[in-house]
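Some notes on the structure that comes next.
Only a predicted model underlies this, so the values are computations on that prediction, with no experimental measurement involved. Atoms within a ligand are numbered from 1 in the order they appear, just like the ligands themselves.
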Amino acid sequence: MFSRWLPGLNRGLATPTGRIAQLVGRSLSRSLQLSSRWSVPELSSFVARTNTCGELRSSHLGQEVTLCGWIQYRRQNIFLVLRDFQGLVQVLIPQDESAASVKKILCDAPMESVVQVSGTVVSRPPGQENPKMPTGDIEIKVKTAELLNPCKKLPFEIKDFMKKTEALRLQYRYLDLRSFQMQYNLRLRSQMVMKMREYLCNLHGFVDVETPTLFKRTPGGAKEFVIPSREPGKFYSLPQSPQQFKQLLMVGGLDRYFQVARCYRDEGSRPDRQPEFTQIDIEMSFVDQTGIRSLIEGLLQYSWPSDKGPVGVPFPSMTFAEALASYGTDKPDTRFGMKIVDISDVFRNTEVGFLQDALSKPQGTVKAIRIPEGAKYLKRKDIESIRKFAADHFDQEVLPVFLKANRNWNSPVAKLVMEEQGLGLIRRMENQEEDVVLLTAGEHKRACSLLGKLRLECADLLEARGVLLRDPALFSFLWVVDFPLFLPKEEKPGELESAHHPFTAPHPSDIHLLHTEPEKVRSQHYDLVLNGSEVGGGSIRIHDAQLQRYILETLLKEDVKLLSHLLQALDYGAPPHGGIALGLDRLVCLVTGAPSIRDVIAFPKSFRGQDLMSDAPDFIPPEDLKPYHIQVSWPTDAETEKNSLNPPHHPES
Ligand code: ASP
């Protein structure tokens, strides 16, 4: 069982002083020890060491050991703390004349040099044990030492994870990876993936199939990266996901496919996105939504770190329409309330201008959220910035209403609301004395989207003032279902685009609307949401070539030639099938509580899509471009200047 090595591994990771590291260590050991059925991994096979630094305990007393590791601390040229991936151990630097050369090696080596030491495991003298250190009862009495490689002056201290900028961490990623946090995140990720493989392949007969990354353009969906080829004018595209291949595998009779798949999307700068990312990609034949949902619930339950609490199944589900109406988003954070309430009927006969105005329009509504104890925690400037946000981003008015009319700071409108519709409002919103109601009016979707944003904004503000709304230990999964099959295109609202992707099957009860009112058709698309983040999405697919062609050609106006292989395949006895993909980076990020998905990826790109360590992407000399028949069309000075004047909004990190 892992339980024999992981507690050591992880407790060992704790520094004598580092509280975070201790928590990390404890948590990793608990996460992993109980949940695995594998036998004990042999950590010192094939290598120069006999043991890992972090595994040594009193049970090893008297043993002759050889350790390899990095120098973490040195004290008074007497003690040295050696670190490896499993933890820390104290080494006694010999002081006697006969061992002068060993002493010199260990005292001269700079911090973070890598050394090999051999010696005996001995007890620490009484009173000198360190209970905070898992190896704190013992130390190593060194006989021989070898400097394997000295370390130059470091750009930052390995232990001060928090104190360096992310840009610096990414530039020296190989050093950053030595930190406890990165070790924890990557090891936890590896364990979860291992458990997922075990669940899918060993327990449920899935086949792990690798699909190509050099592929061709796919219509619709995200923008793709292109790769030049030696044929003039021809390019490969990097797939945004293995979607077509996994469907073709079903046509090929593979029946149950999965892959830890690398996906590529050229979506520009987004704070919590990566141009290349990893999905747990799944497809099954002869399955319906319920089948996929149960599979994923079982998969997450099985691979979930045991110290993160049990995953309760089945996960609750909510329709897209409900999510929008109550939370203003298709990825609701259901860890807390503050739901959006439609209060249009309370204000039917209002005197208040902007409410009257909104309600006189055919799609007009009045909506509100209640911020518990908002009067106590929100400052006037918070309310001002909320109103400004609504005006700037949604062109909407927001009216704060306090139960105590005297708190409605000089706002005659809010006072009027309280006087005229006060009781109705209080009843509907279940207002308590210290609550604040934020009220807005307008078209349903717009009003809900705005209040959905304000709900999260206010949650952040309340939490910043010490109110615990979203328990960090709580994992709130939710299925969102019954999405529309199509949405109006952002750039051309008269045209349709797929809400998920063009291979998603329509909801069986809405098929008749496809020819008449396609925008009303719901789909068999489902998303998995965790604590307000989308961690997965999938659908039951169209397996009928004629329907697929109609949707692509007639409704989406796509070039079907690009997909002729898929359309052809569907005509050769394609089984009914469906699938899903889990976003592994985001999932692990939420599980570990890491601040960014970059913290759970070994070598991530910066948010501008650059590898700050190697400086990719890089220039290529013109002669190297020749075989591809391409030439750079260099931007003019004016264009370059324009781009630098409009830098992305988010700071580089
Ligand atoms: N390929 C889809 C995606 O990347 C997932 C799926 O439909 O299975 O979102």
Side-chain angles (χ1 to χ4, degrees), residues 196 200 206 208-213 215-225 237-251 254-267 270 272-285 287-289 291-296 299-300 320 330-331 479-487 497-507 522-530 533-543 548 551-552 556 563 566 570 574-587 597:
M196 288 182 178
L200 290 168
F206 279 75
D208 179 354
V209 184
E210 288 161 83
T211 55
T213 40
F215 190 42
K216 69 182 279 183
R217 204 146 61 85
T218 310
K223 211 154 185 292
E224 291 164 335
F225 287 98
S237 288
L238 297 180
Q240 34 185 302
S241 80
Q243 185 61 37
Q244 290 185 50
F245 290 110
K246 63 176 177 172
Q247 291 192 236
L248 292 167
L249 288 170
M250 295 304 104
V251 182
L254 264 289
D255 195 72
R256 291 166 176 233
Y257 143 92
F258 111 95
Q259 180 179 192
V260 181
R262 188 55 62 85
C263 305
Y264 306 87
R265 295 183 192 173
D266 188 7
E267 295 180 314
R270 301 262 202 102
D272 222 19
R273 296 270 172 102
Q274 283 281 300
E276 51 179 317
F277 61 95
T278 308
Q279 287 185 341
I280 301 294
D281 198 38
I282 289 173
E283 197 75 8
M284 289 170 95
S285 294
V287 74
D288 61 8
Q289 280 202 50
I292 298 279
R293 282 205 234 164
S294 307
L295 169 81
I296 294 302
L299 174 72
L300 286 167
F320 168 79
D330 59 357
K331 31 182 180 295
W479 289 109
V480 179
V481 298
D482 287 356
F483 280 83
L485 187 56
F486 305 110
L487 292 172
E497 65 183 6
S498 302
H500 186 48
H501 54 55
F503 316 111
T504 300
H507 199 287
R522 288 167 303 159
S523 70
Q524 297 196 62
H525 158 200
Y526 31 82
D527 268 357
L528 181 62
V529 175
L530 171 57
S533 286
E534 183 193 325
V535 291
S539 60
I540 300 302
R541 325 296 183 188
I542 299 168
H543 63 278
Q548 183 67 81
I551 288 185
L552 283 167
L556 295 171
L563 287 166
L566 186 83
L570 294 184
H577 59 286
I580 190 165
L582 297 181
L584 183 66
D585 309 300
R586 199 164 295 157
L587 182 67
I597 60 166

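- Residues Met284 and Lys246 form no side-chain contact, since every pair of their non-hydrogen atoms from C-beta on lies 4.5 Å or further apart.
- Summary of contacts: the protein heavy atom closest to atom 5 (C) of ligand 1 is Gly537 O, 3.4 Å.
- Although no hydrogens or angles enter the test, the distance criterion places a donor-acceptor pair under 3.5 Å between the side chain of Gln548 and the main chain of Pro502.
- At a heavy-atom cutoff of 4.0 Å, ligand 1 is contacted by the side chain of His501 but not by its backbone.
- In this structure, CG in Leu556 is found 4.5 Å from OG in Ser498, a value given to the nearest 0.5 Å.
- In plain terms, the two heavy atoms of Val287 and Gly578 that are nearest each other are CG1-N, 3.8 Å.
- Taken to the nearest 0.5 Å, the CD atom of Gln259 stands 3.5 Å off from the OG1 atom of Thr211.
- Proximity annotation for atom 8 (O) of ligand 1: of His525, Glu283, Arg265, Lys246, Lys246 comes nearest, heavy atoms only.
- Per-residue contacts place Arg541 under 4.0 angstrom from the following atoms of ligand 1 (heavy atoms of the residue considered): 6 (C), 7 (O), 8 (O).
- The distance from ligand 1 to the heavy atoms of Ile580 drops below 4.0 Å at these ligand atoms: 8 (O).
- Every atom of ligand 1 is numbered from 1 in the order shown, and the set under 4.0 Å from a heavy atom of Ser241 is 1 (N), 4 (O).
- Scanning the protein heavy atoms around atom 2 (C) of ligand 1, the nearest turns out to be Gln243 OE1, 3.5 Å.
- Between His525 and His500, the two ring planes are parallel [angle under 30°; tilted spans 30° to 60°].
- Summary of contacts: the protein heavy atom closest to atom 9 (O) of ligand 1 is His500 CE1, 3.7 Å.
- Residue contacts with ligand 1: Gln279 is included, with a non-hydrogen atom under 4.0 Å away.
- Using modelled atom types, no side-chain atom of Arg217 and backbone atom of Ser237 make a donor-acceptor pair closer than 3.5 Å.
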